[in-house]
Undergrad: 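Sending over a structure as structure tokens; questions will come in a sec.
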Amino acid sequence: MEQRRAMLVVFAGLVSYSLISPTQAHAYLDPGTGSIIVQAIVAGIVGIATVTRLYWNRIRTFLSGTGDQSD
């Protein structure tokens with residue numbers, strides 16, 4: 001049991017070290033990448049606005065608490 005725990009601690013230490021150790025990233029982001037990110041953000045905002053607009057009455061009824069209250 002102690003050997004298993006020791007191996008788990010060593011494994012967790014190696015994983016932690018590999019996640020926090022600095023490495024060189026030879027990456028290149030061209031200008032098109034920035035515009036794709038902006039387009040994704042705008043699309044998300046428009047999507048949320050569209051869903052909100054479609055379900056506005058249900059949302060308003062839910063939040064006001066004056067919905068279908070059958071006893």
Side-chain angles (χ1 to χ4, degrees):
M1 192 67 163
E2 283 297 317
Q3 182 181 7
R4 183 177 175 149
R5 184 176 176 139
M7 297 223 4
L8 183 62
V9 168
V10 170
F11 178 73
L14 289 173
V15 169
S16 298
Y17 176 74
S18 68
L19 290 175
I20 63 172
S21 64
T23 60
Q24 292 183 356
H26 300 286
Y28 171 73
L29 298 176
D30 63 347
T33 305
S35 79
I36 289 175
I37 292 170
V38 170
Q39 287 178 14
I41 292 169
V42 170
I45 292 169
V46 170
I48 290 170
T50 303
V51 169
T52 302
R53 176 77 173 130
L54 287 173
Y55 293 104
W56 179 247
N57 287 331
R58 290 183 185 180
I59 294 169
R60 187 176 47 168
T61 303
F62 176 75
L63 292 176
S64 67
T66 59
D68 190 27
Q69 297 178 356
S70 55
D71 291 321

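For this chain, numbers begin at 1 and follow the sequence in order.
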Undergrad: Shared ILVMFWY cluster between Leu63 and Tyr55, side chains joined below 4.5 angstrom?
TA: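 In one cluster with Leu63: Tyr55, yes.
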
Undergrad: Hydrophobic clusters here meaning ILVMFWY residues chained together by side-chain heavy-atom distances under 4.5 Å, can you tell me if Val51 and Leu54 are in one?
TA: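 The answer is yes; both residues are in one hydrophobic cluster.
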
Undergrad: Compare all side-chain heavy atoms of Ile45 with those of Ile48 and state whether any distance is below 4.5 angstrom.
TA: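 Answer no - side chains too far apart.
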
Undergrad: Say you draw a straight line from CG of Leu14 to CG of Leu19; how long is it, rounded to the nearest 0.5 Å?
TA: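 Going from CG on Leu14 over to CG on Leu19, the span is 11.0 Å.
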
Undergrad: Shared ILVMFWY cluster between Tyr17 and Val9, side chains joined below 4.5 angstrom?
TA: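 Result: no, two separate clusters.
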
